[in-house]
Number of protein chains: 2
Amino acid sequence: MHRTLLAVSLAALIAGTPAFAAETKASPAMVQSAASLRDQALKDETGWQVLESLTTEVGQRLAGSEADARAVEWAKAKFKALGFDKVWTQPVTFPKWERRSEHGEVLGAHSQKLVLTALGGSPGGTVEGDVVRFDSLDALKNAAPGSLAGKIAFVDVIMPRAKDGHGYGIGSRVRTTGASAASKAGAIGYVMRPAGTDWHRNPHTGMTRFENGVKPIPEAALSNNDADQLGRLVKLGPTRIRVALDCGFNGTYTSQNVIGEITGRSKPNEIVALGAHLDSWDLGTGAIDDGTGIAISMAAAKLAGGVQRPQRTIRVIAFANEEQGLWGGRVYAESQKDKIRDSQIVMESDSGPGRVYEFGGRWSKAADPAMAQVADLLKPLGVAYTPGKGEAESEMGLMQDAGSAAGAFAHDASRYFDLHHTPDDTLDKVDPEDLRVDIAAYATLAFIAANVDGSLGSGTLPAPEKPKK
Amino acid sequence: MHRTLLAVSLAALIAGTPAFAAETKASPAMVQSAASLRDQALKDETGWQVLESLTTEVGQRLAGSEADARAVEWAKAKFKALGFDKVWTQPVTFPKWERRSEHGEVLGAHSQKLVLTALGGSPGGTVEGDVVRFDSLDALKNAAPGSLAGKIAFVDVIMPRAKDGHGYGIGSRVRTTGASAASKAGAIGYVMRPAGTDWHRNPHTGMTRFENGVKPIPEAALSNNDADQLGRLVKLGPTRIRVALDCGFNGTYTSQNVIGEITGRSKPNEIVALGAHLDSWDLGTGAIDDGTGIAISMAAAKLAGGVQRPQRTIRVIAFANEEQGLWGGRVYAESQKDKIRDSQIVMESDSGPGRVYEFGGRWSKAADPAMAQVADLLKPLGVAYTPGKGEAESEMGLMQDAGSAAGAFAHDASRYFDLHHTPDDTLDKVDPEDLRVDIAAYATLAFIAANVDGSLGSGTLPAPEKPKK
């Protein structure tokens, strides 16, 4: 846009906003600008270009791996190339976990390879033992101490597919708590049906942590196909397997949160923050988890801040090491703890590239009119309005817990857990049209939040009923 | 069935068949028996049980591997358990090819792992070089001698999906002839987009053979996702990769064709033969290729020969080492070359578990009435009649070339090449209902062929226009 035209449109926008509104509400001109922005986003290729660039040029970016540093450099350069006027970093230090090799096999008369992957946090080691199958996590947790001595525990629970992704609650609990339960009962190893909904011979990795005082044991996820196979073999008779994992913690590593800003024109200290995590698991190229989030955040911020410089600062945080425990998110939240009232809103995209179908979140009652305006703007995208429902995801959940207003978009997760944490998390799985719709939704919210007069309530909201983390 | 009832029904069957028919045609009673058999097959679980047993208890069974011998023992035991009254073997000797490990990676600024698998017949070796991409096989074949010195050739052709599987003609040509062309132009290695239609990070292996006098070079197939990625990287600039394959030929191995028979009552020397191959590639468990064929053949023969003992012998051949060049098929065809007139018909299932949709093949004009009766019996299964179209598959193609009458069933191959020769060739991919329909079709043809008076024309048919192999 020509600079003169931009100034005129900016003036119109400001003129339309009453100075001391009892309610936070956008002017008609601002709503009109937001509608144009939304429609522009539906034709914009920035998000796809960001996603293709990250997943192709960096590829996998396991926290602490050689690619972690390349991802940080990539993010800094990309923010600059996209026109963010301020780019800075925050150091994030964490224990470095490495995967070097992994093998599984059935021994004896039915000798065959098992496709499996070490779970994040697993110690290395080679174990051989008879498999004891449990058809629920509770059954394993009820195993008597010592009852699994010399055995390898196998939890065989199928994770249900769901649009809202709720099946992951079940699957991830098997992953995060199973190995501790197995170890407490004396098992020498732990394998699980994966926290994933596909049948494509791809195991799903993911983080685990052993309870204090519990002896860490090698732990791995099978593919769903291999879990089927192991279940059939166990039914035929005693089944001995070998799990050989070369992996484990190895010192510490310091990565960076990479932060890009489009500085606000009139309220530069007030922040509209979009977040996503820059790290990924190492099996795929991190396209859906969370390259998509990086693409959505960068593209939506650029769109929302690019047409006419916003009143508030629009900030994108590319977080370090989400996968192994929100390490970057905790550093960021700590850095913001005295500035919660300046956090106009936070939002995060970390549930894949599925099309956004609900918009909700948490803000003051006074902000309802503005958020209803956002909801109206999103209606043509097929997004339902669910005020009070939904929470900021992942790292931004920490900001919400600290009192920030938060926007929450529900993405269709029906296919997300087919791919999540697998080798199959690759660029071809992202639908460019869905990605554009998602970006349009985030950009619309960011634009209104950055320009509307009045706070959305950060620092004045009642404490959440149950802290998220 | 009670023995007395069986004798009565058998008498009816024989009485209904004129002794010297000018045309080969089944009696109404025989057609009625075939219809009952077909309907029985649609409720029978034998095929699924065979398939589950083979893929679970043996798993992968690469020709010459430790599992090859287990598969032979499995087949002998299974024939006996199913009531085949004669079980015998034919030794089959071939060069043993072994896969030990395989790794691929992009080097330099965009360092990342590539998912790939060695092609069967590849020599071992580690090569590093810049990638030269070709968007067609012809483009590689036209490369000047020496022009690829020190380079790794990459043929990047997408194989089309098709119900009749014709895309495999394109994909398999890239696989079987690409590495020779690359070597002739001086390349030190060869990688290809796989001969496969899925996007699930699973590479497709398969056999290759270097032309005489051409220096063998390491050759591998990427997954389609990795081919996408390599294509994008090459577009960004010079891309150096490392391909490290530990594999190769290692002496010879003697496996066995395993043959089970239900001996014919009145014409035991005349043979209705159903074939499939017992070996598989090593990445999956050989469910669709060709566990399905083994299951269809064993179950269809048992059904066709089990209700009332057939006039002719029904024989099932579980062939050794099809994948590396029809080794078992050639031994079998050689053993039958002087008995072609005794081959009532051959049929083979080696295109997966997709539902049968066409029945055709090759037989004498005199046999048309009987084959039309088979077609009528298959109509309720949704199988179209395409006389003169289709050929016996794989090993049985050799029998057809030698002059045998042949039945040919077209299976829906729309999804077959998503899975073919990949880790994803596992039991869960087979639809039990499709499998039952397939077995019903093969059993119906086998039953009529085994009991109808008169030959289907083996040894009197005109030579095929173009030998199949």
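Quick caveat: nothing in here was measured; it's all calculated off a predicted structure. To find a chain, count down the sequence lines: A is the first, B the second, and so on, and within it residues start at 1.
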Enquirer: So does A:L427 get a backbone contact from the side chain of B:Q229, meaning a donor-acceptor N/O pair under 3.5 Å?
Expert: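 Here the side-chain-to-backbone pair does not exist.
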Enquirer: Sort A:T55 into side chain, backbone, both or neither according to what part of it lies under 4.5 angstrom from a heavy atom of chain B.
Expert: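 It is the backbone, since no side chain atom gets that close.
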Enquirer: Rounded to the nearest 0.5 Å, what separates atom OG in B:S65 from atom CD in A:Q112?
Expert: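 If I round to the nearest 0.5 Å, the distance is 11.5 Å.
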Enquirer: Which one wins on heavy-atom pair count under 4.5 Å against chain A: B:H200, B:E57, B:R232?
Expert: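 Going by pairs under 4.5 Å, I would pick B:H200.
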Enquirer: Which atoms of B:L233 come close to chain A, meaning under 4.5 Å heavy atom to heavy atom: side chain ones, backbone ones, both, or neither?
Expert: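 Both parts, backbone and side chain.
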Enquirer: Highest number of heavy-atom pairs under 4.5 Å with chain A: which of B:A109, B:A67, B:G284?
Expert: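 Most heavy-atom pairs under 4.5 Å with chain A: B:A109.
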Enquirer: Looking only at atom types and distance, does a side-chain atom of A:R70 sit under 3.5 Å from a main-chain N or O of B:S111, one as donor and one as acceptor?
Expert: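 Yes, A:R70 side chain to B:S111 backbone: donor-acceptor pair under 3.5 Å.
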Enquirer: Answer with side chain, backbone, both or neither: which region of B:D424 has an atom nearer than 4.5 Å to a non-hydrogen atom of chain A?
Expert: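 Both backbone and side chain.
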Enquirer: Could you tell me which portion of B:Q60 (side chain, backbone, both or neither) has an atom closer than 4.5 angstrom to a non-hydrogen atom of chain A?
Expert: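 Neither part; nothing is under 4.5 Å.
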Enquirer: Counting only N and O atoms by type, is there a donor-acceptor contact under 3.5 Å from the side chain of A:K429 to the main-chain atoms of B:W199?
Expert: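 Side chain of A:K429 to backbone of B:W199, a donor-acceptor pair under 3.5 Å: yes, one is there.
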Enquirer: Say whether, by atom type as modelled, one donor and one acceptor occur between the side chain of B:R201 and the main chain of A:T426 under 3.5 angstrom.
Expert: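 Side chain of B:R201 to backbone of A:T426: no pair is present.
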Enquirer: With only heavy atoms counted, which part of B:N225 is less than 4.5 Å from chain A, the side chain, the backbone, both or neither?
Expert: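 For B:N225, the contact with chain A is made by backbone and side chain together.
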Enquirer: Can you tell which part of A:L283 gets under 4.5 Å to a heavy atom of chain B, answering side chain, backbone, both or neither?
Expert: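 It is the backbone, since no side chain atom gets that close.
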